[in-house]
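Following: one structure in structure tokens, then a few remarks.
Since the model is a prediction, treat every value here as computed from it, not as a measurement.
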Amino acid sequence: MMTLELLKEKLSTDKGRTLLAKLYGQAPEIIEKQINRYVQAVVRYRQFFPHESQKGFYMFSTPGRTEIGGNHTDHNAGRVLAAGVSLDAIAVATPAPDDVIRVYSEGYPEPFVVELDSLAPRKEEEGTTSALIRGIASRMRELGYRIGGFNAYITSDVLGGSGLSSSACIEVLLGSIINHLYNDGKIDEILLAKIGQYAENVYFNKPCGLMDQIACAVGGFVTIDFKDFDNPVVRKIDFDFAAQNYSLLVINTGGSHADLTDDYASVPREMKAVASALGKKVCRELTMEEVIQNIPKLRARVGDRAILRAMHFLAEDQRVVQQVEALERGDFAGFLRLVNESGDSSWKWLQNCYTNKNPHEQGITLALSVTENFLKGSGKGACRVHGGGFAGTVLVFMPNELLDEYVGLMEGIFGKGSVTVLSIRPYGTLCINLEKWGSARGSNPLNLLRGYTDPSPWY
């Protein structure tokens with residue numbers, strides 16, 4: 001187990017700093033900030049659990065995620081391209097002698113407490129971290145894994161509502177704690193993701209898909225094929241984003257998601273209506289030619305917007321394949337062109353850049369227009385709506401030589417702090433205490449099956 005003194009020592013070594021650079025970015029000030037963040041997390045943990053202050057601890061990190069390709073394709077058995085990002089949640093944890101999980105989370109005055117002798121869903125817990133803890137523990141026990149009590153402190157810079165999947169990040173983090181404290185890290189990343197999704201669906205009562213949890217668990221660029229919903233095909237893409245001299249940006253354009261449930265639900269509903277009208281269950285079973293040939297019949301049965309959304313799905317699903325191919329052959333310019341095509345399709349065909357309930361508020365469309373104008377003629381960069389759309393965030397790939405000018409422009413429009421500058425994090429969820437990285441054990445971030453080959457320990 002780690003101690004505070006050992007943590008400080010290891011993070012300050014060359015290999016420790018190299019690790020932090022890969023997780024958070026190369027700038028020395030970023031690395032120093034993260035060293036301090038890790039140390040302060042331990043300090044806070046000891047404040048909440050003073051009786052544990054003389055004991056060693058385990059430390060965990062799980063990234064947020066961004067959707068890069070496959071906008072609204074997963075729910076119709078399509079393909080997606082996602083990535084872990086440099087914003088993460090970290091946890092300090094130790095096993096507890098009783099069967100009680102106690103989690104203090106930054107920003108919450110009281111701990112989340114779950115007793116493991118009663119793991120049935122509780123209506124009053126829906127929408128809370130307690131529901132996620134209970135659901136994860138319950139599912140692990142059902143699957144035959146060991147569970148047990150633990151004490152933990154969590155701090156996260158994956159802000160809620162940022163479009164970077166703060167909930168999936170926390171789910172995978174909580175699963176990782178139980179995985180390493182009680183199962184020697186034997187539960188692989190994909191199963192951790194499925195356990196997190198189960199907790200969110202059944203206990204938290206939110207009908208989410210699986211993309212977010214997989215991206216948080218695996219990290220790096222990852223492509224997921226949902227043709228078989230129960231057994232998605234997951235593949236990590238070996239691509240060095242840091243070498244491209246680009247930054248990944250998320251622009252928060254404001255706007256509330258509170259009244260958008262119908263907008264979100266309409267997308268899979270209308271896509272599946274097109275499939276049903278042609279004797280299929282989901283759009284993945286259709287072809288573009290089949291849809292176009294049947295447009296006269298479809299217009300009468302499902303309406304024009306549903307047809308356009310089905311056409312978006314079919315083009316976007318193939319575009320993910322092309323994006324992956326571009327990354328694998330090192331064609332970053334071609335990849336960026338496909339990102340722009342994805343954004344164009346989301347605007348014209350999918351139509352999820354603003355809600356018809358409030359057409360006067362079009363922050364996403366405005367941000368995309370300003371970004372396209374900024375990049376016009378440069379032959380560089382790319383932008384698209386981020387995630388579910390209708391309100392919220394825009395994703396931008398920006399060359400670093402234009403970064404400061406662009407950030408100033410967008411923050412002048414959408415407010416200071418509206419632009420979050422990110423990098424692609426090559427590792428998914430990890431336990432900082434692991435003695436060696438590169439073995440094939442458990443959810444190791446350098447598992448050779450996940451596309452990395454460096455077997456060296458970081459300390």
Please say whether more than 12 non-hydrogen atoms of neighbouring residues, nucleotides or ligands are located less than 6.0 Å from [atom1] in [X].
{"X": "Lys227", "atom1": "NZ", "result": "no"}
{"X": "Glu110", "atom1": "CD", "result": "no"}
{"X": "Lys357", "atom1": "NZ", "result": "yes"}

For the side chain of [X] and the backbone of [Y], is there at least one donor-acceptor N/O pair under 3.5 Å apart?
{"X": "Thr371", "Y": "Cys383", "result": "no"}
{"X": "Asp228", "Y": "Asp230", "result": "yes"}
{"X": "Arg79", "Y": "Val320", "result": "no"}
{"X": "Thr18", "Y": "Asp14", "result": "yes"}
{"X": "Tyr24", "Y": "Leu19", "result": "no"}

Original post:
Can you list the steps and then say if Glu32 with Asn36 is a side-chain contact (heavy atoms from CB on, under 4.5 Å)?
Top reply: CA-CA 6 Å; Glu32 292 300 328; Asn36 183 66; over 6 Å; no
Hey, are the side chains of [X] and [Y] touching, using non-hydrogen atoms and a 4.5 Å cut-off?
{"X": "Leu395", "Y": "Leu248", "answer": "yes"}
{"X": "Ile195", "Y": "Leu143", "answer": "yes"}
{"X": "Ile364", "Y": "Tyr354", "answer": "no"}
{"X": "Ser176", "Y": "Leu192", "answer": "yes"}
{"X": "Val100", "Y": "Val113", "answer": "yes"}
{"X": "Gln351", "Y": "His312", "answer": "no"}
{"X": "Leu210", "Y": "Pro232", "answer": "yes"}
{"X": "Met1", "Y": "Thr94", "answer": "yes"}

Report the distance from atom [atom1] of [X] to atom [atom2] of [Y], rounding to the nearest 0.5 Å.
{"X": "Ile170", "Y": "Ile133", "atom1": "CD1", "atom2": "CD1", "value": "9.5 Å"}
{"X": "Lys33", "Y": "Leu20", "atom1": "NZ", "atom2": "CG", "value": "13.0 Å"}
{"X": "Leu11", "Y": "Ile35", "atom1": "CG", "atom2": "CD1", "value": "5.5 Å"}

Charged N to carboxylate O below 4.0 Å: is that the case for [X] and [Y]?
{"X": "Arg235", "Y": "Glu328", "result": "yes"}
{"X": "Arg384", "Y": "Glu67", "result": "yes"}
{"X": "Lys8", "Y": "Glu5", "result": "no"}
{"X": "Arg102", "Y": "Glu115", "result": "no"}

Exercise: do [X] and [Y] side chains pair donor with acceptor under 3.5 Å:
{"X": "Asp88", "Y": "Thr62", "result": "no"}
{"X": "Arg44", "Y": "Gln47", "result": "yes"}
{"X": "Thr355", "Y": "Asp263", "result": "yes"}

Original post:
Taking only residues at least two apart or on different chains, which pairs with a member in residues 105-127 satisfy ring pair (Phe, Tyr, Trp, His ring centres under 6.0 Å)?
Top reply: Tyr108-Phe112
**OP:** Using the ring pair (Phe, Tyr, Trp, His ring centres under 6.0 Å) rule, collect all pairs that involve residues 37-62, keeping only residues at least two apart or in two chains.
**Re:** Tyr45-Phe49, Phe48-Tyr104, Phe48-Tyr153, Phe49-Tyr104, Phe60-His180
Original post:
Between Gln40 and Arg37, is a side chain to side chain donor-acceptor pair (under 3.5 Å) present by the stated rule, with each step listed?
Top reply: CA-CA 5 Å; Gln40 289 304 310; Arg37 178 175 175 238; over 6 Å; no
Where [X] and [Y] come nearest, the two heavy atoms and their spacing:
{"X": "Ala168", "Y": "Asp212", "result": "CB-CB, 3.6 Å"}
{"X": "Asn183", "Y": "Ile178", "result": "ND2-O, 3.4 Å"}
{"X": "Ser418", "Y": "Met410", "result": "OG-O, 3.9 Å"}
{"X": "Ile177", "Y": "Ala91", "result": "CD1-CB, 3.9 Å"}
{"X": "Asn76", "Y": "Cys283", "result": "OD1-N, 2.9 Å"}
{"X": "Cys216", "Y": "Arg65", "result": "SG-CB, 4.0 Å"}

Original post:
Considering residues at least two apart in sequence or located in another chain, which fulfil the salt bridge (charged side-chain N to carboxylate O under 4.0 Å, His left out) criterion with Glu52?
Top reply: Lys55
Subject >> For Glu325, all residues meeting salt bridge (charged side-chain N to carboxylate O under 4.0 Å, His left out), sequence neighbours excluded >> reply: none
Original post:
Does the ring centre of Tyr182 sit less than 6.0 Å away from the ring centre of Phe150?
Top reply: no
Subject >> Test side-chain contact (heavy atoms from CB on, under 4.5 Å) applied to Arg425 and Lys22, step by step >> reply: CA-CA 7 Å; Arg425 165 172 157 153; Lys22 290 180 178 179; over 6 Å; no
**OP:** Could you give me the CA-CA distance, side-chain angles and deciding distance for Phe332 and Phe239, then say whether ring-ring contact (aromatic ring centres under 6.0 Å, His included) is met?
**Re:** CA-CA 10 Å; Phe332 191 59; Phe239 181 81; 5.8 Å; yes
**OP:** Apply the test side chain to side chain donor-acceptor pair (under 3.5 Å) to residues Asn71 and Ser346: give CA-CA distance (whole Å), side-chain angles for both, the deciding distance (0.1 Å), then the verdict.
**Re:** CA-CA 7 Å; Asn71 194 218; Ser346 295; 3.0 Å; yes
Original post:
Could you give all pairs that pass the side chain to side chain donor-acceptor pair (under 3.5 Å) test and reach residues 127-136, with sequence neighbours left out?
Top reply: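 Found Glu125-Arg134.
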Original post:
Which residues satisfy the side chain to side chain donor-acceptor pair (under 3.5 Å) test with Arg146, sequence neighbours excluded?
Top reply: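 For Arg146 there are no side chain to side chain donor-acceptor pair (under 3.5 Å) partners, ignoring immediate neighbours.
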**OP:** Take the angle between the ring planes of Tyr198 and Tyr203 and call it parallel below 30°, perpendicular above 60°, tilted in between.
**Re:**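 Because their plane-to-plane angle lies in the 30° to 60° range, the rings of Tyr198 and Tyr203 count as tilted.
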Original post:
Can you check side-chain contact (heavy atoms from CB on, under 4.5 Å) on His72 and Glu316, steps first, answer last?
Top reply: CA-CA 9 Å; His72 278 284; Glu316 184 80 347; over 6 Å; no
**OP:** Step by step, work out the side-chain contact (heavy atoms from CB on, under 4.5 Å) result for Ser247 and Tyr406.
**Re:** CA-CA 11 Å; Ser247 291; Tyr406 177 74; over 6 Å; no
**OP:** For the pair Arg284 and Thr73, evaluate side chain to side chain donor-acceptor pair (under 3.5 Å) and give the outcome as yes or no after the intermediate values.
**Re:** CA-CA 9 Å; Arg284 179 68 178 268; Thr73 54; over 6 Å; no
